[in-house]
Amino acid sequence: MKRAATLPALACLLVATAAAPAASYASAPTAGAAAAAAQRDRRPATLLDEVPRRGVLRVCTTGDYRPFSYRDPATGDYRGVDVDMARDLAKSLDATPRYVPTTWSGLVGDLTAGRCDIAMGGVSITLARARSVAFSEPTRTDGKTPVVRCADQDKYRTLDQIDRPGVRVVVNPGGTNVQFARAHVKRATLTVHPDNTTIFDEIIAGRQDVMMTDASETRYQAKIHPELCAVHPDQPFTFSEKAYALPRGDAQFTAYVNQWVHLATHDGTYGRYEDAWMK
């Protein structure tokens, strides 16, 4: 009886022992999976590590919005307040800036698709954009206000004076300017001009009467075009802030850029760059 009871137990032990190597083999990672895991471990989890490793900061910018970002069509070089800031940010990360051309309508998509690490160049914070990207600490406050021929500056001070039959309003496509114009221009004639670098020539030449854009741009255009005047830039129709757009979800990189912006806007760096263009 004792020998008969032992045989089933022995059989169970043999079955378990035989099955053990198969289970162990099934749970062990393949060489390919192990290599992939190792690669993931080596890959930087944040742009705060990736940009210095790469040695390049990719900056999406439109290049059509002076004083913040302007691409010289003759040389291809970029200049502007935020171009200077991009250079400083890249240097702080042991990198050099590489400018990635974009448009106002495509800026958010280019950033979210990973074509660049940051978007700079007079970008306004909006809730619609904030659903897709993160924003840095603001660099300045701004707001929509008119720019007109100086002879007409008393004619177009209010939205009621602007939005009248016979008034010609011009705007550039794809950004907050066209959104504002379409929301407030119902009776005046609204024309979308495709080139933001030549749009002010339309007013100077008398083909258009008014453009409503950020007060910072109206001040700059009035500086370089004596024929143009910024209308009440200290009391714009709206309130907005400019900042730098960042990939959503990279908290470490966002925190670093926030700290960098905070220092630059409080130690006089940003102010010096802006004064060089605006004064």
Side-chain angles (χ1 to χ4, degrees), residues 61-71 73 80 102-109 121-132 138 140-243 277-278:
T61 192
T62 62
D64 67 350
Y65 188 17
R66 290 177 289 186
F68 300 104
S69 170
Y70 174 67
R71 184 178 183 270
T102 189
T103 62
W104 289 111
S105 59
L107 184 146
V108 168
V123 181
S124 296
I125 299 174
T126 69
L127 292 178
R129 288 171 175 165
R131 294 181 64 179
S132 301
R140 70 174 342 268
T141 60
D142 224 325
K144 304 302 179 191
T145 204
V147 58
V148 303
R149 291 181 296 277
C150 290
D152 295 336
Q153 60 181 319
D154 291 330
K155 292 172 57 177
Y156 303 120
R157 301 188 64 83
T158 69
L159 287 171
D160 285 341
Q161 288 176 314
I162 293 169
D163 188 25
R164 290 181 294 128
V167 178
R168 299 164 300 176
V169 180
V170 66
V171 69
N172 61 307
T176 57
N177 286 344
V178 72
Q179 294 169 10
F180 179 81
R182 285 175 172 161
H184 294 91
V185 175
K186 306 299 183 183
R187 295 175 295 168
T189 300
L190 180 62
T191 299
V192 178
H193 185 77
D195 185 358
N196 198 42
T197 61
T198 62
I199 194 169
F200 300 96
D201 296 334
E202 297 295 297
I203 301 173
I204 294 170
R207 292 186 290 269
Q208 301 291 337
D209 299 313
V210 183
M211 180 182 179
M212 291 179 286
T213 183
D214 293 323
S216 53
E217 186 174 32
T218 68
R219 285 192 176 101
Y220 177 74
Q221 292 297 328
K223 173 189 172 182
I224 64 173
H225 297 298
E227 307 93 330
L228 297 179
C229 282
V231 181
H232 52 67
D234 293 325
Q235 296 179 308
F237 295 139
T238 62
F239 168 83
S240 66
E241 293 177 311
K242 295 197 180 301
W277 284 81
M278 304 291 284

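- Residues M211 and N196 come closest through the heavy atom pair CE-OD1, 4.0 Å.
- Residue pairs meeting the disulfide (SG to SG under 2.5 Å) criterion with at least one partner in residues 155-239, sequence neighbours excluded, are C150-C229.
- The ring pair (Phe, Tyr, Trp, His ring centres under 6.0 Å) search around F237 returns H232, not counting sequence neighbours.
- In this structure, the side chains of V210 and V167 come closer than 4.5 Å at one or more pairs of heavy atoms.
- Using a 3.5 Å distance cut-off with no hydrogens or angles, the side chains of W104 and D64 do pair a donor with an acceptor.
- Here Q179 pairs with T176 under the side chain to side chain contact (heavy atoms under 4.5 Å, CB included) rule; sequence neighbours left out.
- In this structure a side-chain-to-backbone donor-acceptor pair under 3.5 Å is present from K186 to R182.
- For W277, there are no side-chain hydrogen bond (donor to acceptor under 3.5 Å, both in side chains) partners two or more places apart in sequence or in a different chain.
- A 4.5 Å side-chain heavy-atom check between R66 and F200 finds every atom pair outside the cut-off.
- In this view, P173 and V192 satisfy the side chain to side chain contact (heavy atoms under 4.5 Å, CB included) rule, not counting sequence neighbours.
- Among pairs with a residue in residues 203-218, those fulfilling salt bridge (Lys or Arg N to Asp or Glu O under 4.0 Å) read K144-D214, R149-D209, R168-D209, E202-R207, D214-K242, at least two apart in sequence or across chains.
- For S240, there are no side-chain hydrogen bond (donor to acceptor under 3.5 Å, both in side chains) partners at least two apart in sequence or on another chain.
- Residues R140 and S216 form a side-chain contact, since some pair of their non-hydrogen atoms from C-beta on lies under 4.5 Å apart.
- Partner R157 forms a side chain to side chain contact (heavy atoms under 4.5 Å, CB included) with one of I162, V231, V148 and no other, that one being V231.
- Within the structure, ring pair (Phe, Tyr, Trp, His ring centres under 6.0 Å) contacts touching residues 160-180 (residues at least two apart or in different chains) are F180-H184.
- Scanning for side chain to side chain contact (heavy atoms under 4.5 Å, CB included) contacts around A215 gives D142, T145, T218, R219, P233, with sequence neighbours left out.
- Put simply, the side chain of L159 reaches to within 4.5 Å of the side chain of M212, judged on heavy atoms.
- Applying the disulfide (SG to SG under 2.5 Å) test to pairs two or more places apart or on separate chains, none has a residue in residues 175-204.
- Within the 4.5 Å cutoff, the side chain of I204 has heavy atoms near those of the H225 side chain.
- Across all their heavy atoms, S124 and R129 have their closest contact at O-NH1, 2.8 Å.
- In this structure, the side chains of T102 and T61 stay at 4.5 Å or more apart for every pair of heavy atoms.
- The shortest non-hydrogen separation linking A230 to A222 is N-CB, 4.0 Å.
- Using modelled atom types, one finds no donor on one side chain facing an acceptor on the other under 3.5 Å when comparing D160 with T158.
- Here T197 pairs with D195 under the side-chain hydrogen bond (donor to acceptor under 3.5 Å, both in side chains) rule; sequence neighbours left out.
- With sequence neighbours excluded, the residues forming a side chain to side chain contact (heavy atoms under 4.5 Å, CB included) with S105 are T103, listed by chain and number.
- In terms of modelled atom types and a separation under 3.5 Å, the side chain of S69 and the main chain of G63 share a donor-acceptor contact.
- No side-chain heavy atom of T189 sits under 4.5 Å from any side-chain heavy atom of V169.
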